[in-house]
Each structure stands twice: as structure tokens, then as C-alpha cells.
Enquirer: 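Shown below is the structure under consideration.
Each chain gets a letter, A, B and so on, in the order the sequences are listed, and its residues count up from 1.
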There are 2 protein chains.
Amino acid sequence: MVGAVSDIYKALADPTRRVILDELVERDGQTLFELCTRLTMKHDVASSRQAISQHLDVLEAAGLVTRRREGRYTFHHLDTSPLREVATRWPTTP
Amino acid sequence: MVGAVSDIYKALADPTRRVILDELVERDGQTLFELCTRLTMKHDVASSRQAISQHLDVLEAAGLVTRRREGRYTFHHLDTSPLREVATRWPTTP
DNA sequence: TTGACATGCAAGTGACCACTTGCCTATGGT
DNA sequence: ACCATAGGCAAGTGGTCACTTGCATGTCAA
């Protein structure tokens, strides 16, 4: 089930979720704990594990993040293709 | 005063505001009443005048809309340049 | 000037959102 | 088997947001 268009903008509305996308650009396929520690260390984000997990739920609903379960680890992968709608909806003269 | 980066994403989070941007792309420099009627007619948006006005406040704070007062009319103009941050922040392979 | 028109301002309300809290499931090492 | 690790599920809470309501301001035409 792919996310609706509205879910993309809703996902981008939160600053913590935008930093998560930044972090996944820098290093794709991180686990939840990896993301938590790296967000705290490098991006000064002080959010709990559950908070980050719920943010990842929103990002997954928007189609921006896919989850891959492997043993007791869940790896998170970035998919920026839904962002093309944002980039092309309104004309920006480059 | 130019809006913060976070204001751009907040402005795009609401579907009515996104339709307002669509409408201003189609016809720039509209008044509040023009926007209200055209949003109702063409985009099936049923929002009051005050609601639209407040949406325009948010868009103005994000730097996406500028206001030009002339007599008793206030014309609204679109500025898509803040959207470049959204288009370039995360890499999208075209 | 008088009244209709176009808009602005501000307090109040209901819904949604981010976050917490507490508990549960499952995997893997020793 | 035991226990620590990695993660999931769900109810509750405070704050923010969109919208309404009511009134005020300013502009133009007759």
C-alpha cells in the first residue's frame, strides 16, 4: 500500500523527521537504535526510542522509508522518489 | 523578515494551502475574494474568508506569498523560490 | 455623507499531533 | 534454560493547528 500524496507533506512537516531523512541519506539501512544514537550525537535530537519509531511509521506511510526485517534487527531504507511530486508540483525557475 | 526553513514545510503541510499555491500558479495576483470564489468553484474547497486569510498569513510567513495593498484590495503574489530548499535538500535521481 | 464592499484583528473551540508510559513479543548469546 | 537485546503495541496527555465567531477598520461609489 503506497502512501497518499498528502502523507508526504505531513511527513515533512516535522523537523525530527526531516533530520531522520538527512541521516538516512548519509548512511542508509540503519536500525532503530543506530538512528537513535546518531540523531542524539550528531544532530542534537533528544527523542526517545518510541518517538523515533513513531516518526518512522509516518515516514513509512508516506513511502519515504521502507523497513526490512532481519532476525531481531529492522533496517530502515530511504526512498526519495515520492519527493519528486514536491519538486515538480510548483514551478521553480533554476 | 524572511521566514524560517521550518515555516516552509509547515506551510505545505495543509492541503488547502497547497491548493492556494496551485491557484496562484494558474493566476497570480489575486485578491482574497477572488481566491475564495475560485477555490470553491474549481477546487471544491469550502473554506470561509477568514480561514483562507489565515492560510495566506502562514504562506506569507513562509515567504511563499507576498501581499501588495492597493486601495481596498490586497493582491497576493506567489514566490516559489523558497521551495528550492525542498527540492535540493534530499537527492532525487531524475 | 451614507452605505456597501474588501479586509483586518482577536478570542474561543474542537481536533489532531508528538510524546510519554507501561507492557508485551521475539531473537540470539552464554 | 536464562536473560539481555531489539523492537512492537496501545492508552493517556499537553500543546499546537485550523476554523469559527464577532467586531473593527478602511475604501469607494452614489
Enquirer: Which whole-number value in Å describes the distance from B:L59 CG to D:dA18 C1'?
Expert: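 Roughly 13 Å, once rounded to whole Å.
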Enquirer: Ignoring hydrogens, what is the shortest heavy-atom contact between A:E85 and A:I8? Give both atom names and the distance.
Expert: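 For A:E85 and A:I8, the tightest heavy-atom pair comes out as CG-CD1, 4.3 Å.
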Enquirer: May I ask you to verify if any side-chain N or O of B:H55 is less than 4.0 angstrom from the OP1 or OP2 atom of D:dC17?
Expert: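 No, no such contact exists.
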Enquirer: Should A:L64 and A:V58 be regarded as members of a common hydrophobic cluster, given that ILVMFWY residues are connected when their side-chain heavy atoms come within less than 4.5 Å of each other, either directly or indirectly?
Expert: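 Result: no, two separate clusters.
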Enquirer: Just wondering, do B:V65 and B:H77 contact through their side chains at under 4.5 Å, heavy atoms?
Expert: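 Not touching, per the 4.5 Å side-chain cut-off.
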Enquirer: Going by an N to O cut-off under 4.0 Å, is there a salt bridge joining A:D22 and A:R27?
Expert: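 So A:D22 does not pair with A:R27 through a salt bridge.
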Enquirer: If each of A:Q54 and A:R72 is mapped to the nucleotide of DNA chain C with the nearest heavy atom, which maps nearer the 5' terminus, i.e. the 5' end?
Expert: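 This one resolves to A:Q54.
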Enquirer: Using whole Å, what does the distance between atom P of nucleotide D:dA18 and atom CG of B:L56 come to?
Expert: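 B:L56 atom CG is separated from D:dA18 atom P by 13 Å.
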Enquirer: Do A:L21 and A:T80 make a side-chain contact, defined as non-hydrogen atoms from C-beta onward lying under 4.5 Å apart?
Expert: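 Heavy-atom side-chain distance check fails, nothing below 4.5 Å.
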Enquirer: Grab the CZ-P distance between A:F75 and D:dA6 for me, whole Å please.
Expert: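 Between P of D:dA6 and CZ of A:F75: 11 Å.
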Enquirer: Starting from P on D:dG22, measure out to CD on B:Q50 and report it in whole angstrom.
Expert: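 After rounding, the gap between these two atoms is 11 Å.
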Enquirer: Got a second to check how far A:L56's CG is from A:T66's OG1, nearest 0.5 Å?
Expert: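 It is 11.0 Å, given to the nearest 0.5 Å.
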Enquirer: Of all heavy-atom pairs between A:Y9 and B:L12, which one has the smallest distance, and what is that distance?
Expert: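 Scanning both residues completely, I find the closest heavy atoms to be CB-O, 3.5 Å.
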Enquirer: Could you check how far CG of A:L32 sits from P of D:dG8, rounded to whole Å?
Expert: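 In whole Å, D:dG8 P lies 7 Å from A:L32 CG.
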Enquirer: Judged by each residue's nearest nucleotide on DNA chain C, which is more toward the 5′ side, A:T16 or A:Y73?
Expert: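 That would be A:T16.
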Enquirer: Can you tell me whether the side chain of A:R69 and the base of D:dG7 have a donor-acceptor pair closer than 3.5 Å?
Expert: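 By the distance-only test, no, there is no pair.
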Enquirer: Report the distance from atom CG of A:D57 to atom P of D:dC9, rounded to the nearest whole Å.
Expert: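 So the two atoms are 8 Å apart, to the nearest Å.
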Enquirer: Chain B on DNA chain C: first and last contacting nucleotide, 5' to 3', under 4.0 Å to a heavy atom?
Expert: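 Extent of the interface on DNA chain C: C:dC5 to C:dA10.
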Enquirer: Whole angstrom is fine here: how far is it from NZ in A:K10 over to C1' in D:dC17?
Expert: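 Checked: the NZ to C1' distance equals 14 Å.
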Enquirer: Could you check how far CZ of B:R49 sits from P of D:dC23, rounded to whole Å?
Expert: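 From B:R49 CZ to D:dC23 P: 14 Å.
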Enquirer: Report yes if at least one side-chain N or O of A:S53 is closer than 4.0 Å to OP1 or OP2 of D:dG8; otherwise report no.
Expert: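 Answer is yes, contact under 4.0 Å.
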Enquirer: On DNA chain D, check which nucleotide each of A:F33 and B:E70 is closest to and give me the residue with the more 5' one.
Expert: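 Nearest nucleotide further toward 5': that of A:F33.
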